[in-house]
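Worth knowing before you read on, the calculation uses all heavy atoms, side chains too, and leaves out hydrogens, waters and symmetry mates.
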Amino acid sequence: MAVTVLSGTSGALYYKPAGTIGDFGTSAVTTGESVSKITGKFYLNFKAGDPIKFKIVNTQTGAAGTGTLPAPISSATTYFVLSYVAATGVLTFSTTAGGSVLTLTDVGTLAAPNEFEVYYADYAAVGQVQNWSFEISRAEIDVTTIGQAVGQYAPFKAYIPGFADGNGSASVFVTSEDGALSNRMVEDVLQRQQVGAAFRLYTDKGSTEALSRSIAMDAVLLSATLNINPDDAQMVEITFRPTGAPSFDFSTTA
């Protein structure tokens with residue numbers, strides 16, 4: 001059977017912006033027509049038009065929590081940010097992009113250690129990325145022992161693998177579109193709270209997730225290097241590092 005070698009032309013980079021996860025309790029919910037809002041964490045990075053979802057989490061385990069979301073919010077529905085004020089944490093949202101404020105009719109129910117969570121709904125394609133790279137390495141631990149038998153040749157050291165680490169980069173074009181995710185990645189390097197930042201790096205982007213190969217990870221953004229000259233498009237080199245073990249999906253099913 002012939003093997004098809006993959007080409008970089010089928011690659012892609014998808015991204016979730018930094019600072020787009022926030023917990024809040026029942027006391028943060030304001031109900032009523034035209035005044036419904038959530039007063040959550042300060043200095044996050046939600047922007048008008050961001051797709052968001054809600055869920056309940058156990059703050060001790062990070063797993064799904066128990067309780068009921070403020071009505072009529074559903075965990076299965078994608079909502080859209082209308083406004084977020086970083087200095088106050090006030091968030092308003094709608095069922096449609098640019099729509100009217102969703103009227104909340106109750107504050108929901110919670111018991112410690114559960115909290116409500118608002119988060120960026122899903123990865124979005126960054127169409128202005130020229131290329132990406134990702135490197136994984138393992139530390140080596142020297143376990144050489146003394147007292148080896150004398151011989152003609154020098155003895156070799158012995159090693160075992162240690163912790164894993166990774167780092168990545170992406171070459172991103174700067175665009176004139178204010179809301180482009182490529183521009184937002186540059187801004188996110190300086191976002192103080194980077195919770196929510198995540199990458200899905202596609203080596204082979206098919207028509208569906210089941211037909212695509214990818215590496216996914218939560219990440220921190222480390223640097224942005226701008227290169228401006230009159231002969232080339234404006235480009236920024238972004239570097240990032242995973243905050244935990246990446247997940248690899250290199251198999252596809254029809």
Side-chain angles (χ1 to χ4, degrees), residues 1-18 20 51 78 119-143 156-177 179-189 194-254:
M1 178 179 175
V3 175
T4 300
V5 177
L6 297 178
S7 166
T9 60
S10 58
L13 185 149
Y14 280 51
Y15 179 62
K16 290 182 183 180
T20 52
T78 298
Y119 61 99
Y120 198 89
D122 201 1
Y123 292 97
V126 183
Q128 298 79 26
V129 171
Q130 185 181 66
N131 60 71
W132 61 261
S133 65
F134 185 61
E135 177 185 357
I136 302 171
S137 60
R138 291 284 299 271
E140 56 183 10
I141 301 173
D142 188 339
V143 293
F156 275 80
K157 288 187 172 184
Y159 297 92
I160 60 174
F163 287 109
D165 198 2
N167 61 81
S169 65
S171 298
V172 182
F173 288 114
V174 178
T175 77
S176 61
E177 181 185 351
L181 274 180
S182 58
N183 295 351
R184 192 160 173 179
M185 286 173 65
V186 178
E187 298 174 5
D188 284 358
V189 172
Q194 291 201 356
V195 60
F199 289 89
R200 187 178 290 277
L201 307 171
Y202 285 96
T203 62
D204 184 28
K205 184 67 173 75
S207 57
T208 66
E209 285 295 315
L211 297 175
S212 303
R213 297 175 173 89
S214 65
I215 308 168
M217 72 197 78
D218 293 331
V220 292
L221 292 96
L222 302 175
S223 68
T225 304
L226 288 81
N227 181 18
I228 311 297
N229 68 73
D231 297 320
D232 297 311
Q234 293 187 19
M235 180 175 287
V236 182
E237 187 77 10
I238 302 291
T239 63
F240 56 89
R241 185 180 298 279
T243 58
S247 60
F248 295 83
D249 183 7
F250 285 165
S251 63
T252 60
T253 56

### Message
To check you understand the geometry: which heavy-atom pair defines the closest contact between Leu181 and Ala125, and what is its length?
### Response
CD1-O, 3.9 Å
### Message
Looking at every heavy atom in both Trp132 and Ala12, which two are closest together, and how far apart are they?
### Response
NE1-O, 3.2 Å
### Message
If I take atom OH from residue Tyr15 and atom CZ from residue Arg184, how far apart are they, to the nearest 0.5 angstrom?
### Response
7.5 Å
### Message
One pair to check against side chain to side chain contact (heavy atoms under 4.5 Å, CB included): Thr252 and Arg213. What are the steps and the verdict?
### Response
CA-CA 7 Å; Thr252 60; Arg213 297 175 173 89; 3.7 Å; yes
### Task
Verify, without hydrogens or angle tests, whether Arg200 (side chain) and Ile215 (backbone) share a donor-acceptor contact under 3.5 angstrom.
no
### Query
Does Ala18 offer a backbone N or O that forms a donor-acceptor pair with the side chain of Asp188 under 3.5 Å?
yes
### Task
Kindly compute the distance separating OG (Ser212) from CG (Asp204), expressed to the nearest 0.5 Å.
6.5 Å
## Note on the structure
Shortest non-hydrogen pair, Ala224 vs Val236, comes out as CB-CG1, 3.8 Å
### Query
Could you state the interatomic distance from CD (Glu135) to CZ (Arg241), rounded to the nearest 0.5 Å?
9.5 Å
### Sidechain-backbone polar pair: Arg138 side chain, Gly162 backbone, donor-acceptor under 3.5 Å
yes
### Message
Under 3.5 Å, is there a donor on one side chain and an acceptor on the other for Asn131 and Ser171?
### Response
yes
### Query
In terms of ring plane angle, is the pair Phe240 and Phe199 parallel, tilted or perpendicular, where the classes change at 30° and 60°?
parallel
### Query
Are any side-chain N or O atoms of Thr78 and backbone N or O atoms of Pro51, one a donor and one an acceptor, separated by less than 3.5 Å?
no
### Task
Determine yes or no for a side-chain-to-main-chain donor-acceptor pair under 3.5 angstrom, with Gln194 supplying the side chain and Ala219 the backbone.
no
### Summary
Which of Gln128, Gln130, Glu177 passes side chain to side chain donor-acceptor pair (under 3.5 Å) with Ser182? It is Gln128
### Message
Applying side-chain hydrogen bond (donor to acceptor under 3.5 Å, both in side chains), can you list everything that pairs with Asn227, at least two apart in sequence or on another chain?
### Response
none
### Query
Can you name the side-chain contact (heavy atoms from CB on, under 4.5 Å) partners of Ser169, sequence neighbours left out?
Ser133, Glu237, Thr239
### Task
Mind checking the OG-CG spacing from Ser137 to Asp165? Nearest 0.5 Å is all I need.
5.0 Å
### Exercise: identify the closest heavy-atom pair between Ala197 and Leu221
CB-CD1, 3.8 Å
### Exercise: do Thr9 and Ser7 side chains pair donor with acceptor under 3.5 Å
yes
### Task
Taking the side chain as every heavy atom from C-beta outward, state whether Pro246 and Phe134 have any atom pair closer than 4.5 Å.
yes
### Message
Other residues, nucleotides and ligands only: do more than 12 of their heavy atoms fall within 6.0 Å of CZ on Phe163?
### Response
no
### Message
I'd like to know if the side chain of Asn183 and the backbone of Thr175 have a donor-acceptor N/O pair within less than 3.5 Å.
### Response
yes
### Message
Against Ile238, only a single residue in Val172, Leu13, Thr225 fulfils side-chain contact (heavy atoms from CB on, under 4.5 Å); can you say which?
### Response
Val172
### Message
Salt bridge check, Asp218 against Lys16: does any charged N sit closer than 4.0 Å to a carboxylate O?
### Response
no
### Task
For residues Leu6 and Phe250, determine if any side-chain heavy atom of one lies less than 4.5 Å from a side-chain heavy atom of the other.
no
